[in-house]
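Scope of the values below: all heavy atoms of this structure, side chains included, with no hydrogens, waters or symmetry mates. Proteins come first, then strands; the chains are lettered A, B, ... in the order of their sequence lines, and each starts at number 1.
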There are 2 protein chains.
Amino acid sequence: MASLLEGQARPIRLADIAKAAGVSHGTASNVFSRPEIVRAEVRERVKAVAEQMGYAGPDPKGRLLRAGKVNAIGVATTEPLSYFFDDPFARVMMAGISEACDATGAGIALVSAANQEKLAWNIQSALVDGFVLFCIEGGSRLVDLTRERRLPFVALELGFQDETVSAIGVDNVAGARLAARHLAELGHRRFAVLSLGFADNRTGFATPEAVRSAVYTGTRDRLAGYFEELSRFGIDTAKIPVYETENEEKSTRAGLEAIFAKGEPPTAILAMSDRMALIAIDWLRARGLNVPGDVSIVGFDGVPDGALATPPLTTIAQPIIEIGRRAARMILDHDGAVRRETMGVEFVVRGSTGPAPKA
Amino acid sequence: MASLLEGQARPIRLADIAKAAGVSHGTASNVFSRPEIVRAEVRERVKAVAEQMGYAGPDPKGRLLRAGKVNAIGVATTEPLSYFFDDPFARVMMAGISEACDATGAGIALVSAANQEKLAWNIQSALVDGFVLFCIEGGSRLVDLTRERRLPFVALELGFQDETVSAIGVDNVAGARLAARHLAELGHRRFAVLSLGFADNRTGFATPEAVRSAVYTGTRDRLAGYFEELSRFGIDTAKIPVYETENEEKSTRAGLEAIFAKGEPPTAILAMSDRMALIAIDWLRARGLNVPGDVSIVGFDGVPDGALATPPLTTIAQPIIEIGRRAARMILDHDGAVRRETMGVEFVVRGSTGPAPKA
DNA sequence: CATTTTTATTGGATCGATTCAAATTCCGCT
DNA sequence: AGCGGAATTTGAATCGATCCAATAAAAATG
């Protein structure tokens, strides 16, 4: 038999063992994928040959092409890959996605890329059945890129209006109002807002025009929620400084500097993310200001870190895990329909908010 | 032309647009993969046809089979998928892996499965060029399963002897000695050890025989390191209780109960993981015992949470990030060789250790 | 204008499996 | 022995691309 001509550089294919065992490809294939339909004797012979030739089992690359389905979902973002393991929000979301995938035995492929071209390529070439998109930043670009793949996808935290895209989000207006009302009821009258972007690549105080022409409607809605509620308490929202950050350390600190450099410092800060809120707590304490004694802060998101901070963060909690689960399931049992889900938020009062100072 | 018979359920293939554009499939392929070698005029025509027919671009499934390389590495464990996002150790490791993958543009596929058969299937069918194995538990099974794929793989935290497997680990003996010496020098004489498993699925006090016949040599080495050093201080190591846990909440607490139920309680605990050490701190404080006043604790691993605990954890820090990076690179630029790397550890003194109580 | 070079295009072979209709073998029964 | 139906096995077709040797067309050279 032609089985001892070793030194073969190429790995063994199913066809090789079929030949060696003297059966057709079809039968050989069945031995591995539906062993029950092949006669025991033949089955054992083929398996023995496979074993002896060092066959690694049917190559998934080949199987994939025929089967069409990868049985994995891609999770994509414009941030570097480590974002999935570093960022608290992403981590909780991933836990939800993991749960849904575990339940059906699907895999997870992480897709990301610092630079633009690589991102495009990575999305084009990802071996997945669909995508979950983290649209924290540059969301529209990510959506455009993904749409080209013509695979099902869901956008998360998608801050912009596009009814043709499946998305899961939260009720931003309602959440924001809850936060604002809480602070107003505590007697606060001087506010500042740490805002997410209204459009890409911008930081600094947001002008009314910038707000009006917002690309990211999520940001716009949160601000609208804050303002609506504060107006009801007779507060002049036109005077409230709104600082757009990139939701990271540097620009958030810059925002705080700018806000507190102004005439009358705020006694309450509305932060559109827990990340910014946590940075703010840190910044304020370093400045000798007491939280919540001098300044109260409400975050947005409900990441677990918030509960561990000192003081623990009052926040508008999204059902992050549940969003992750649903997103994954939407891809896993995709039916071709465009779905838009809006989840409720929960108001969590902890230690970072208190009555307005007397002064 | 045959372009308006809509209602086509099947997605468009490259061959379809080649036909529609009146070129060979070879040329059509070039338009997408090496546009520079096809005449501008033809290129534009084909692209236009593709656009107009709604072609999603070359399907990676097809490309993959031809190319042979997936350009992704699989990261596998026997824990559920969420482990990668929950566990502090795993997260730091993943950050290292991410870094290396980002640098070369490779993707990451997460592979896991609660139950045994699914794990086997998931490993067999993962579309990857190689694996990084988290051998926290059931490591030998994971290695066996992966070996069948005949793809390159590296075992991490592999606690067992098998020189035929590429692995990256740390100098367990040296690390353990550092921890033990530190405590002995602080005057401690009564010790207890919170141990990782010596074999699968076992908890409870470890017998000398269990230690001698250890499957996991990592565990054995750490214990050996502890004992060697303590012996040098004239401590009778035979009397030290060694409790095997599953490195999680329940069995660790059970271990502590058992240890403190014995006659003379220890004044120092050597934990083989930060996870157990952190749980121990929590358990002790809940019991009204002061750390390090009444009991000192040294962990092992050096996860970031340790620094944030109260008191901050004294520990033997592994270069986790670096291990992750190296593991990924080992797969990414694999040369067929079996590599075994042993990394050094760093002793980090923080607040969970202090002088032995006077009593 | 004939000849060599260069540049584009073609179409068959290949990657490694699975599927399915058709052909064959096996069995029990009269 | 002959027959029908069930159990197996076969081998061609398919999945969707890329590669490459051969060919054709265009451009450069003598």
Side-chain angles (χ1 to χ4, degrees), chain A residues 8-46 49-50 53-71 121 124-129 149-151, chain B residues 8-46 49-50 53-71 121 124-129 149-151:
Chain A
Q8 23 89 54
R10 272 175 46 270
I12 297 93
R13 307 193 308 301
L14 183 52
D16 298 328
I17 80 135
K19 177 133 50 96
V23 296
S24 68
H25 327 288
T27 299
S29 171
N30 286 335
V31 168
F32 294 97
S33 41
R34 302 138 82 198
E36 69 283 1
I37 74 163
V38 18
R39 195 153 44 95
E41 189 200 334
V42 176
R43 194 198 315 142
E44 294 315 318
R45 176 157 47 93
V46 174
V49 172
M53 293 181 72
Y55 180 54
D59 188 329
K61 295 202 283 293
R63 190 211 312 280
L64 171 61
L65 183 53
R66 188 83 246 265
K69 248 193 120 222
V70 184
N71 198 34
W121 172 254
Q124 277 165 30
S125 62
L127 291 158
V128 297
D129 299 319
R149 262 308 281 280
R150 293 174 204 252
L151 285 176
Chain B
Q8 22 90 51
R10 272 179 39 272
I12 298 94
R13 308 194 306 300
L14 184 53
D16 298 328
I17 80 138
K19 178 132 53 97
V23 297
S24 71
H25 54 271
T27 299
S29 171
N30 287 334
V31 167
F32 292 96
S33 40
R34 302 139 81 197
E36 69 283 2
I37 75 162
V38 18
R39 196 151 44 95
E41 188 199 335
V42 175
R43 193 199 315 145
E44 294 315 319
R45 175 155 49 93
V46 174
V49 171
M53 292 179 74
Y55 180 55
D59 187 330
K61 295 202 285 292
R63 189 211 313 278
L64 171 61
L65 183 54
R66 190 81 245 263
K69 248 195 121 220
V70 184
N71 198 33
W121 172 254
Q124 276 165 31
S125 62
L127 291 158
V128 298
D129 299 319
R149 263 308 281 280
R150 294 173 204 254
L151 286 177

Of the nucleotides D/dT10, D/dC15, D/dA17, which has the atom closest to the A/Leu65 side chain? D/dC15
Indicate whether OP1 or OP2 belonging to D/dG11 is found under 4.0 Å from a side-chain N or O atom of A/Ser24. no
How many whole angstroms separate atom CG of B/Asp59 from atom C1' of D/dT18? 13 Å
Sequence neighbours left out, what passes side-chain contact (heavy atoms from CB on, under 4.5 Å) with A/Ala15? Give chain and number order. A/Arg13, A/His25
Might you point out which heavy atoms bring B/Ala28 and B/Leu14 nearest each other, and give the distance in Å? CB-CD1, 3.7 Å
Quick check for you: name the first and last nucleotides of DNA chain C, 5' to 3', having an atom under 4.0 Å from a heavy atom of chain A. C/dG16 to C/dT19
Contacts of type side-chain hydrogen bond (donor to acceptor under 3.5 Å, both in side chains), residue A/Ser33, not counting sequence neighbours: none
Go through the structure and list residues passing side-chain hydrogen bond (donor to acceptor under 3.5 Å, both in side chains) with A/Lys61, not counting sequence neighbours. A/Asp59
Which pair of heavy atoms, one from B/Leu151 and one from B/Val128, lies closest together, and at what distance? CD1-O, 3.6 Å
What does the list of N/O pairs under 3.5 Å between the protein and nucleotides 19-28 of chain D look like, with a distance for each?
unit_1, atom_1, unit_2, atom_2, d
D/dC19, O4', B/Arg66, NH1, 2.8

Just how large is the angle between the end axes of the helix from C/dC1-D/dG30 to C/dT30-D/dA1, five pairs per end, to 10 degrees? 50°
Mind checking side-chain hydrogen bond (donor to acceptor under 3.5 Å, both in side chains) for A/Asp129 and listing every partner two or more places apart, or none if nothing turns up? none
Between D/dT18 atom P and A/Gln124 atom CD, what is the distance in whole Å? 12 Å
Relative to the 5' end of DNA chain C, which residue comes earlier, A/Ala28 or B/Gly62, by the nucleotide with the nearest heavy atom? B/Gly62
I need the CG-C1' distance between A/Leu64 and D/dA17, as an integer number of Å. 12 Å
Closest non-hydrogen atoms of B/Ala56 and A/Arg150, given as atom of the first, atom of the second and distance, are CB-CD, 3.8 Å
With B/Arg39 via salt bridge (Lys or Arg N to Asp or Glu O under 4.0 Å) - residues at least two apart: B/Glu41
Looking at every non-hydrogen atom in both residues, tell me the closest pair between B/Asp16 and B/Pro11 and how far apart they are. OD2-O, 4.2 Å
In residues 36-43 of chain A, which ones come under 4.0 Å of DNA chain D, going by heavy atoms? A/Val38, A/Arg39, A/Val42
By salt bridge (Lys or Arg N to Asp or Glu O under 4.0 Å), which residues pair with B/Arg149, not counting sequence neighbours? none
Classify the nucleic acid contact of A/Tyr55 as base, sugar-phosphate or nothing, counting any heavy atom under 4.0 Å across all strands shown. sugar-phosphate
Partner set under side-chain hydrogen bond (donor to acceptor under 3.5 Å, both in side chains) for A/Asn30, not counting sequence neighbours: A/Arg34
Residues in side-chain contact (heavy atoms from CB on, under 4.5 Å) contact with A/Arg43, at least two apart in sequence or another chain: A/Val31, A/Pro35, A/Val38, A/Ala40, A/Lys47
State, to 0.1 Å, how close A/Ala20 and A/Val49 come at their nearest heavy-atom pair, and which atoms those are. CB-CG1, 3.8 Å
